[in-house]
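As the structure is a prediction and not an experimental result, all values here were calculated from the model. Labels below follow one simple rule: chain letters A, B, ... track the order of the sequence lines, proteins then strands, and each chain is numbered from 1.
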2 protein chains.
Amino acid sequence: MTASTLVPVFAALGDDTRWSILAALGRADASASALAEVLPVSRQAIAKHLAVLQDVRLVEPVRVGREVRYRVLGSQLTETARRLDLIGAQWDRRLATIKQIAEDLEIE
Amino acid sequence: MTASTLVPVFAALGDDTRWSILAALGRADASASALAEVLPVSRQAIAKHLAVLQDVRLVEPVRVGREVRYRVLGSQLTETARRLDLIGAQWDRRLATIKQIAEDLEIE
DNA sequence: GCGAACTGCAACTAAAAAGTTGCAATCGAG
DNA sequence: CTCGATTGCAACTTTTTAGTTGCAGTTCGC
């Protein structure tokens with residue numbers, strides 16, 4: 001996974017409707033039609049959201065007879081979390097360094 | 001931090017320009033004007049982005065004389081990563097359970 | 001084979017977000 | 001005190017995205 005793929009994942013996660021979809025899929029795999037019966041948007045809207053989620057590997061389609069069920073992929077979320085943590089740690093390290101320098105200066 | 005604050009953080013992180021800003025701030029604190037000299041957008045556009053980032057506590061303003069420098073906050077990123085990891089683990093656990101059940105059924 | 005259930009594609013509308021320009025207000029340095 | 005640098009506010013345009021409706025294509029069950 002390269003850095004260029006990280007931002008689209010966040011863009012995908014930055015929408016309430018998509019989280020509703022992910023939450024529903026977190027309980028059980030479901031098709032776009034099935035999700036449309038639960039959520040307050042049309043099936044086509046859900047299909048578009050699923051396409052977005054599939055593009056960033058947050059869900060994957062599973063054909064079951066004539067319907068296409070979607071499965072949520074925790075691995076992408078875990079991987080994203082790991083990378084986010086690294087970046088956050090870097091920033092904190094720089095701030096800690098600055099703070100340390102400031103304290104050293106005060107002592108002198 | 002409540003769940004309702006999580007989605008806006010992702011929305012904030014789902015934009016390339018904001019990542020450019022965060023990357024620049026990751027190297028050194030800077031004002032909107034200073035950032036505008038480096039990035040290919042106007043100062044006002046950057047000011048809006050900084051407001052978005054500040055709303056979700058990814059940066060915080062620091063007055064230095066007549067200018068307002070912004071500091072990146074790693075803690076928010078770390079916290080977000082932690083929560084993301086928990087959710088991903090939940091999903092993976094469900095999938096593992098399902099897989100286990102499927103395997104058990106095959107044996108019988 | 002035929003009808004019903006599902007999916008997929010396309011065009012369109014509406015709302016949100018990114019970016020711009022222009023101007024007023026503020027504050028420091030000389 | 002005054003000039004220049006910097007920030008803040010407002011109106012506007014453009015682009016993107018979320019959502020809709022309508023229709024065509026597939027495939028399963030009877």
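Legend: side-chain hydrogen bond (donor to acceptor under 3.5 Å, both in side chains) pairs involving residues 19-28 of chain A, not counting sequence neighbours: none detected. Annotation: side-chain hydrogen bond (donor to acceptor under 3.5 Å, both in side chains) contacts involving residues 6-18 of chain A, sequence neighbours excluded, comprise A:R18-A:H49.
Not counting sequence neighbours, A:R57 has no partner by the salt bridge (charged side-chain N to carboxylate O under 4.0 Å, His left out) test. By the side-chain contact (heavy atoms from CB on, under 4.5 Å) test, B:Q44 is found to be paired with B:S42, residues two or more places apart in sequence or in another chain being considered. With sequence neighbours left out, the side-chain hydrogen bond (donor to acceptor under 3.5 Å, both in side chains) criterion links B:D85 to no other residue.
Where A:A11 and B:V68 meet DNA chain D, the nucleotide closest to each residue was compared, and B:V68 sits on the side nearer the 5' end.
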Review item, nucleotides 26-30 of chain C N/O atoms under 3.5 Å of protein N/O:
residue: C:dC27; atom: O2; partner: B:R66; partner atom: NH1; Å: 3.4

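Contacts of A:R18 with the nucleic acid, taken as non-hydrogen atoms under 4.0 Å apart, involve only primed sugar atoms and P, OP1 or OP2.
In this structure, CG in B:D29 is found 10.5 Å from CD in B:E67, a value given to the nearest 0.5 Å. Going from atom OG1 of B:T80 over to atom CZ of B:F10 covers 6.0 Å, rounded to the nearest 0.5 Å. Atom OG of B:S31 is separated from atom CZ of B:R43 by 9.5 Å, given to the nearest 0.5 angstrom.
Nearest approach of A:V7 to B:L13, heavy atoms of both residues: CG1-O, 4.0 Å.
Counting heavy atoms from C-beta on, the side chains of A:L84 and A:V9 never come closer than 4.5 Å.
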Do A:L35 and A:Y70 pass the side-chain contact (heavy atoms from CB on, under 4.5 Å) test, and can you show the C-alpha distance, the side-chain angles, and the key distance before you say yes or no?
CA-CA 10 Å; A:L35 289 169; A:Y70 286 84; 5.8 Å; no
Could you give me the CA-CA distance, side-chain angles and deciding distance for B:V72 and A:D92, then say whether side-chain contact (heavy atoms from CB on, under 4.5 Å) is met?
CA-CA 9 Å; B:V72 79; A:D92 276 343; over 6 Å; no
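The stretch residues 20-41 of chain A touches DNA chain D through A:V41, each having a heavy atom under 4.0 angstrom from the strand. A heavy-atom distance below 4.0 Å to DNA chain D is reached by these residues of residues 42-52 of chain A, ordered by number: A:S42, A:Q44, A:A45, A:K48, A:H49.
Overall bending of the helix from C:dG1-D:dC30 to C:dG30-D:dC1, expressed as the angle between end axes built from five pairs apiece, is 30° (10° steps).
In the 5' to 3' direction, nucleotides of DNA chain D lying under 4.0 Å from heavy atoms of chain B begin and end at D:dG4 to D:dA11.
The hydrophobic cluster around B:V52 extends to none of the other residues, as no ILVMFWY side-chain heavy atom falls under 4.5 Å of it.
Exactly one residue among A:L73, A:L50, A:L53 makes a side-chain contact (heavy atoms from CB on, under 4.5 Å) with A:L25. That residue is A:L50.
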Donor-acceptor list for residues 58-66 of chain B side chains, cut-off 3.5 Å, not counting sequence neighbours:
residue: B:E60; atom: OE2; partner: B:R71; partner atom: NH1; Å: 3.1

